[in-house]
Amino acid sequence: MIIFLAAAAGFMEFLDGTIIVTALPRMGQVFGATPVAMNLAVTAYLLAAAIALPAASWAAERHGLRRVYAAGIALFTLASLLCSLCDGLTGFVLARILQGVGGGAMVSLGRQAVLRATPKDRLVQAIGTIVWPGLVAPVIGPALGGFIVTHADWRWIFYINIPLGLAGFGLALKLMPAHSPAAARRFDAPGLALLALTLLCLVGGSDLIGTSWPGTAAALGGTLLFGWALLGHSRRAREPLLDISALRHVCFSVSTLDGSWMRISINSAPFLLPLFFQLGLGYRPDQSGLLLLALFAGNLLMKTATTRLLRTFGFRNLMLVNGVLASASLAGCAVFTPATPLAVMVPLLFLGGLTRSMQFTCLNTLQFADVPQEEIPAANALGALAAQMGLGFGPAFGALCLNMVRALGGEASPSAGDFRIALVLTGGLALVGTLGSLRLPPTAGAHVSGHRT
């Protein structure tokens, strides 16, 4: 029950990160703001959720996991209500910040509770359940948001969170383990400030790409500066907010660092593919949404085979082969033309769903295979931050590739050829992330997968 509660709460958080994307133009009309200005609501949510991840881990150590997790759900639900009541952009952005803080706490602490309660030999099944929100929500979120804003009031995007949040709050108080608060450690305010500045510059630089190259260069330079300062602070501080010591474990390092490239690539697909189908191939919005269901079907079906495949081949071999297939299935979509039959498109998209699901489960399960139990809270905060950034910057990387190719061609709007190059580039990024698996020993995570070499 803890696993399913964590998965459901994670689904709400990931869904709210993407569901308003297609609703922004309509909401902008209500608020009297441009779609570009409305994008601030997405950025604010992403930043707040990412910053809240390590802060929530610290709060859970001090006040107990059950209390902080339930408080995160309560804050997310209250902020959803506030979002639905807003009539101006400023108030809406502030409400989205609160919603992001609550959502970040839900995701980080939900996974932490599962990791604490699950034996290592059952970790594959547990992680396989709680990773599906990160796969499914980006696929159905934009489509669901578009459906709601077309056939109902945009406020229903947030209304639906209220009964779900109230139910989740009650279940959290009943199901979540009441871990005793640990000895209080000092809150790392400088670490939080450096993390916020790093993410602010990174997100700001991504938003400025294609509109102001000097601004982009300045923002990305700030990202490197503050990021380097954060890394140095985390190494020197006695009790850092973002503890990077878990990176000394090879399984955690590969899954967190190298796996981030794979996460960004995989999360770019729900952004690039619908636009390619509509703007490049001439499909209607509803038709492109139905094609994406092939990805969704592959995601779900692979869950039934993950455990057996890991037991047979082990993490290292499976991640190398599956990662290449995931890269090829994404880049392979570049061959689609308006004349390509559905009998070719659907199987390739289905293969993409299978491989992305497998790689996500492998990365998230292997991540904690060699992390001692006492280090899990700190490692979970860092791992959850990497996962959140992969989710948020997947679309940003897709947009970056598309805008760069379009700008080099001197075109006002992207062509089908631009989309094809962008898909090949994102597939190449997945391949880069896959090569990190070569650092794993053949026996990596064997006590988790049950694989015998």
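Since the model is a prediction, treat every value here as computed from it, not as a measurement.
- With rounding to the nearest 0.5 Å, the separation of CZ in Phe368 from SG in Cys251 is 12.0 Å.
- Atom CZ of Arg238 sits in a sparse spot, with 12 or fewer heavy atoms from other residues, nucleotides or ligands closer than 6.0 Å.
- A distance of 8.5 Å separates CG in Asp258 from CG in Leu440, rounded to the nearest 0.5 Å.
- Checking side-chain atoms of Ser253 against main-chain N and O of His249 turns up no donor-acceptor pair under 3.5 Å.
- Residues Gly352 and Ser329 approach most closely at CA-OG, 3.4 Å, considering heavy atoms.
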Review item, side-chain donor-acceptor pairs of residues 81-95, under 3.5 Å, at least two apart:
| from | atom 1 | to | atom 2 | distance (Å) |
| --- | --- | --- | --- | --- |
| Ser84 | OG | Leu81 | O | 2.6 |
| Asp87 | OD1 | Arg155 | NH2 | 2.7 |

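- Applying the salt bridge (Lys or Arg N to Asp or Glu O under 4.0 Å) definition to pairs two or more places apart or across chains, none involves residues 309-325.
- To the nearest 0.5 Å, atom CH2 of residue Trp154 and atom CD1 of residue Ile148 are 12.0 Å apart.
- Looking at every heavy atom in both residues, Ala386 comes nearest to Thr256 through CB-CG2, 3.8 Å.
- The environment of CZ in Phe313 is sparse: at most 12 heavy-atom neighbours from other residues, nucleotides or ligands sit within 6.0 Å.
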**OP:** Apply the test side chain to side chain contact (heavy atoms under 4.5 Å, CB included) to residues Met389 and Ile264: give CA-CA distance (whole Å), side-chain angles for both, the deciding distance (0.1 Å), then the verdict.
**Re:** CA-CA 8 Å; Met389 300 310 295; Ile264 291 173; over 6 Å; no

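- Residue Arg235 places its CZ atom among 12 or fewer non-hydrogen atoms of other residues, nucleotides or ligands, all under 6.0 Å distant.
- Of all heavy-atom pairs spanning Gly191 and Leu230, the tightest one is O-CD1, 3.7 Å.
- A distance of 10.5 Å separates CG of Leu192 from CH2 of Trp58, quoted to the nearest 0.5 Å.
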